[in-house]
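Here is the structure we will look at.
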Amino acid sequence: MSNLPLAVELAGLFGLSEQGLKLNPIGNGHINTTMLLRDKEQALVVQKLNTDVFPDPEQLVNNARLIEKHLSEKAENALYSLEIIKHLPTTQGEFLADINGEKWRALEFIGGSFSEEVVKSAEQAEIAASAFGQFAAALQDFDAKQLFPVIPNFHNLAMRVELFKDKVAKDVVSRVATAQNEIAFCFDQFGLADELANLRNVPLRPCHNDTKINNMLFCTETEVAKAVIDLDTCMPGYWLCDFGDMVRTCCSPEAEDSTNLENVKVREDIFHALVKGYAKPLAPFITNDELQSFWLGAKVLPFMIGLRFLTDYLDGDNYFSTKYAEHNLVRVRNQFALYQDVCRQESVLKSMLEAI
Ligand code: ADP
Ligand code: GN1
Ligand code: MG
């Protein structure tokens, strides 16, 4: 068994027995350390929160539990049918535990499920988009002012641009020279930040803000949607960003760190499935301006996440987890290739939004 002392400590905290105890990593999240803790009887997800990214883990857990409560009330009234990720208390009734100064929480494990890194078909994309749409619809009457801004300005592209320029100027790990082309490319795209800042008639909504495909679970048996997960960044935002992150993570047939750039393209049928799947549950609430703003989201998210990977690369890989030295730069090239293909396909993709 791996990590025995840690497993025993976590088991003690969350009330599992030491018999048959196992602790193994699951998933491919870039931020937290996520593991499955099992004894002979039960399984739960334990997560070490990344406190560099989330300096206030108490507020993060508080936010997620407020959403949990709201969704549970919707579920009781048959207004939400996906499973809800619930926090589990320690034996002392706390929702956050301290182990050697590190912050851990436990979540209900959603068994019989899987997450995807690359979408397999238009049907799968529609199922995912519908799940994120149902989540957004269930939250549209949630008072998002209750949510603590765990990462302020999370989708503020202008702010991300300033941070990027600062890292280029400082060049703390001498990587500017190896990323010259990508940096020059960024400097040509900053008009997008103005487009986003000048957006009018698009309401702020309670948003998930991290609708990448591996932040939802499919049922292993039937392949329907089981749950929307990773509620860490739920804050007020724009649906266009949640739509854009689905485009970013579903449309390409390659994972976000694939080096097979010739293949990094927007699959039109997947884009169409995302529009259909997301718009349907939102139909009673969404405005036409808001729907048309999804085009901006489709451009902004691939670019902005590429910019964030590049910023992190220039800063020495402190934010996103990386598996090798150039991992962030590989992600940058991939995301910028995708962004360029989104722009290339403007007329056909936009017409799909206009047709809704
Ligand atoms: P991160 O914040 O690092 O992205 P996530 O909360 O998204 O972490 O979890 C990472 C991965 O772990 C998910 O993509 C999923 O595969 C798996 N996972 C997380 N929570 C659960 C859960 N409650 N049940 C089953 N699998 C989960
Ligand atoms: C991170 O935590 P994860 O892997 O679901 C990041 C997202 C990025 C994504 C890029 C809190 O998401 O914003 O879009 O990586 N989460 C945070 O894959 O920064
Ligand atoms: Mg995640």
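Atoms within each ligand, like the ligands themselves, are counted from 1 in listed order. Keep in mind the model is a prediction, meaning the values are calculated, not measured.
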Quiz prompt | Polar contact flag for Glu256 and ligand 2 (N/O pairs, less than 3.5 Å) | solution = yes
Exercise. Look at atom 15 (C) of ligand 1 and find which of Asp232, Ile229, Ile26, Asp210 reaches it with the closest heavy atom.
Key: Ile229
Practice problem: Among all protein heavy atoms, pick out the one at the shortest distance from atom 8 (O) of ligand 1; state its residue, atom name and that distance to 0.1 Å. | Solution: Gln47 NE2, 3.2 Å
Practice problem: Tell me which N, O or S atom of Asp230 sits nearest to the Mg ion (ligand 3). | Solution: OD2
Quiz item: If you measure from the Lys or Arg side-chain nitrogens to the Asp or Glu carboxylate oxygens, is any gap between Glu102 and Lys48 under 4.0 Å?
Solution: yes
Practice problem: Give a yes/no answer: is there an N/O/S atom of Asp232 under 2.8 Å from the Mg ion (ligand 3)? | Solution: no
Practice problem: Mind checking whether Asn215 contacts ligand 2 via backbone (N, CA, C, O), side chain (CB onward), both or neither, at a 4.0 Å heavy-atom cut-off? | Solution: side chain
Practice problem: Show your reasoning for whether side chain to side chain donor-acceptor pair (under 3.5 Å) applies to Gln59 and Asn63. | Solution: CA-CA 6 Å; Gln59 293 284 12; Asn63 280 358; over 6 Å; no
Quiz item: When you measure from atom 1 (P) of ligand 1 to every protein heavy atom, which one gives the shortest distance, and what is it?
Solution: Asp230 OD2, 3.5 Å
Quiz item: Among side-chain atoms of Glu116 and Gln124, is any donor-acceptor pair under 3.5 angstrom?
Solution: yes
Quiz item: Is Lys165 atom NZ crowded by more than 12 heavy atoms from other residues, nucleotides or ligands, each under 6.0 Å away?
Solution: yes
Practice problem: Flag the pair Phe135 / His208 as yes when their ring centroid distance falls below 6.0 Å, and as no otherwise. | Solution: yes
Practice problem: Verify whether the ring centers belonging to Phe132 and Phe243 lie closer than 6.0 Å. | Solution: no
Quiz item: Below 2.8 Å, any N, O or S contact between Asn32 and the Mg ion (ligand 3)?
Solution: no
Quiz item: Under 3.5 Å, is there a donor-acceptor pair linking the side chains of Arg248 and Gln335?
Solution: yes
Practice problem: Please determine, by modelled atom types, if Asn32 and Asn50 share a side-chain donor-acceptor pair under 3.5 angstrom. | Solution: no
Quiz item: How about Phe320 and Phe309: are their ring centres within less than 6.0 Å of each other?
Solution: yes
Quiz item: What are the atoms of ligand 1, with element, lying closer than 4.0 Å to any heavy atom of His30?
Solution: 3 (O), 4 (O)
Quiz item: Quick check, are the ring centers of Tyr238 and Phe294 under 6.0 angstrom apart?
Solution: no
Quiz prompt | Contact partition for Asn209 relative to ligand 2, non-hydrogen atoms under 4.0 Å | solution = neither
Practice problem: Could you name the option among Phe54, Phe320, Phe109 that has the heavy atom nearest to atom 25 (C) of ligand 1? | Solution: Phe109
Quiz item: At the 4.0 Å heavy-atom cut-off, does Ile305 count as touching ligand 2?
Solution: yes
Exercise. Could you tell me whether ligand 2 has any atom less than 4.0 Å away from a heavy atom of Arg308?
Key: yes
Quiz prompt | Polar contact flag for Asn214 and ligand 2 (N/O pairs, less than 3.5 Å) | solution = no
Self-check item: Region of Arg331 engaging ligand 2 - heavy atom pairs below 4.0 Å
Solution: neither
Exercise. Using a 4.0 Å heavy-atom threshold (strictly under), name the region of Leu217 that reaches ligand 1: side chain, backbone, both or neither.
Key: side chain
Exercise. Compute the shortest N/O to N/O distance between Asn28 and ligand 2 and return yes if it is under 3.5 Å, no if not.
Key: no
